[in-house]
Amino acid sequence: MAAPDTIRLYGTAPDSIVDGPGLRFAVFVQGCTHGCPGCHNEDSQPACGGTVERIDDLVARITANGLAQGVTISGGEPFEQALACAELAHRLRERGLGVWTYSGYRYEDLAARAATAVTRDAASCAAVAAAPSSFDASDDEAGVSKASGNASGPAKESEALASVDAAGARDLLAATDVLVDGPFVQALHSFELPWRGSSNQRLIDVSATQTQGRIVLWQTREDFPCKPASW
C-alpha cells in the first residue's frame with residue numbers, strides 16, 4: 001500500500017510549550033470519535049472538518065521552523081488517521097526530531113490492534129511459502145482469520161478500535177517516542193498534571209515498553225547541574 005501524501009488537520013501551533021517538554025511544533029489532526037466531555041478541541045471532532053495539507057508541505061514547514069525541539073501529534077485523534085500520522089512521524093524522526101503522540105485510546109488496545117497487522121503479514125508470508133502456485137486473496141483471508149483466533153489478547157477487537165487501521169497503528173507506535181494515552185476524563189482533570197489533561201492518562205516510553213514487554217512510563221531526560229560539594 002502506498003503511503004498517504006495528505007493529512008487532514010485541525011491546525012498547528014509552531015511554538016507550543018504545553019504539549020510535551022521544550023518548545024514543540026504541535027500538529028492537531030482533524031477527526032475524533034471519542035467525544036470526551038470537556039474536550040478542549042471540540043471543533044476538531046468532526047471527521048469532515050479542518051483542512052487537507054500535503055505531508056511534504058507540512059514536513060517542510062516544521063523543519064523550516066528552526067526553533068522546535070520536537071513535534072507533538074495531537075488532535076483530534078491521530079490513530080484515526082494512523083497511516084498519515086505514521087508517515088509524518090517517520091519523516092520527522094528521519095530529520096532528528098522526537099515525536100510525542102496523544103491518543104484517547106489506551107496503549108494496550110492500540111498494541112493489540114497493531115498486532116493484527118503483524119499477524120496478517122505473517123499469515124500471508126506463510127501461505128505464500130506453503131503454496132506459491134495457488135495462493136490468492138481468499139487464502140490470505142482464511143489465514144488471517146485462523147491466526148487471529150489463536151492470537152493472545154482479546155479475541156474480538158473492540159468497537160471503538162474498528163476504524164483504526166492496524167498497519168497504521170503499528171507504524172505510528174513504532175515512530176512515536178512518547179505516547180500520552182487514554183481518554184480525557186473531566187472528573188480527573190488537574191492543571192497540576194504535566195503534559196496531560198487528566199490523571200488516568202499516562203506518558204509512555206514506547207520503545208522501552210515494546211522492548212521490555214510491560215508499560216514503562218517516560219521519565220524526563222533533563223539534566224540539571226549539581227551544586228559542587230565545596231559550595
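All figures in this text were calculated on a predicted structure; none of them were measured in a lab.
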Next item on the list: Let me see the working for Leu67 and Asp15 under side chain to side chain contact (heavy atoms under 4.5 Å, CB included), right down to the final yes or no.
Entry: CA-CA 8 Å; Leu67 296 177; Asp15 53 1; over 6 Å; no
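Within 6.0 Å of atom CG in Leu217, more than 12 heavy atoms from other residues, nucleotides or ligands are found, so the atom counts as buried in its surroundings. Counted within 6.0 Å of CD on Glu42, heavy atoms from surrounding residues, nucleotides or ligands total 12 or fewer; the atom is thus considered open.
The hydrophobic cluster containing Trp100 does not contain Leu9, counting ILVMFWY residues as joined when their side-chain heavy atoms lie under 4.5 angstrom apart, directly or transitively. With hydrophobic clusters built from ILVMFWY side chains whose heavy atoms lie under 4.5 angstrom apart, Val29 shares a cluster with Phe25. By the rule that hydrophobic residues join a cluster once side-chain heavy atoms approach within less than 4.5 Å of another member, Val206 and Val99 end up as members of separate clusters. When hydrophobic clusters are built by joining Ile, Leu, Val, Met, Phe, Trp and Tyr residues whose side-chain heavy atoms come closer than 4.5 Å, directly or via intermediates, Ile55 is grouped together with Ile73. Ile7 and Val59 fall within the same hydrophobic cluster, where Ile, Leu, Val, Met, Phe, Trp and Tyr residues are linked whenever their side-chain heavy atoms come under 4.5 Å apart, directly or through other members.
From Arg106, atom CZ reaches atom CG of Asn200 across 8.5 Å, with rounding to the nearest 0.5 Å. To the nearest 0.5 Å, atom CD1 of residue Ile17 and atom CD of residue Gln69 are 11.5 Å apart. Atom-to-atom distance recorded for Thr176:OG1 and Asp171:CG is 10.5 Å, nearest 0.5 angstrom. Atoms CG and CG, on Leu88 and Asp56 in that order, are 10.5 Å from each other to the nearest 0.5 Å. Note that the CD atom of Gln210 and the CG atom of Asp205 stand 9.5 Å from one another [nearest 0.5 Å]. Here Arg24 contributes atom CZ and Thr72 contributes atom OG1; the two are 3.5 Å apart, rounded to the nearest 0.5 Å.
Listed for the Arg8 side chain is a donor-acceptor partner under 3.5 Å among the backbone atoms of Gly49. In terms of modelled atom types and a separation under 3.5 Å, the side chain of Thr101 and the main chain of Leu179 share no donor-acceptor contact. Side-chain atoms of Ser198 never come within 3.5 Å of backbone atoms of Leu188 as a donor-acceptor pair (strictly under, hydrogens ignored). In this structure, Gln30 contributes its side chain and Pro46 its backbone to a donor-acceptor pair below 3.5 Å. When atom types are taken as modelled, the side chain of Asn65 and the backbone of Ala68 share a donor-acceptor pair closer than 3.5 angstrom.
With sequence neighbours excluded, no residue forms a ring-ring contact (aromatic ring centres under 6.0 Å, His included) with Tyr107.
Nearest heavy-atom pair across Asn41 and Phe28 is ND2-CD2, 3.6 Å.
Residue Ser103 forms a side-chain hydrogen bond (donor to acceptor under 3.5 Å, both in side chains) with just one option from Gln201, Glu80, Glu77, and that option is Glu77.
Here salt bridge (charged side-chain N to carboxylate O under 4.0 Å, His left out) pairs that include residues 190-203, with residues two or more places apart or in two chains, are Glu108-Arg202, Asp181-Arg202.
Counting heavy atoms from C-beta outward, Thr12 and Leu58 have side chains that approach closer than 4.5 Å.
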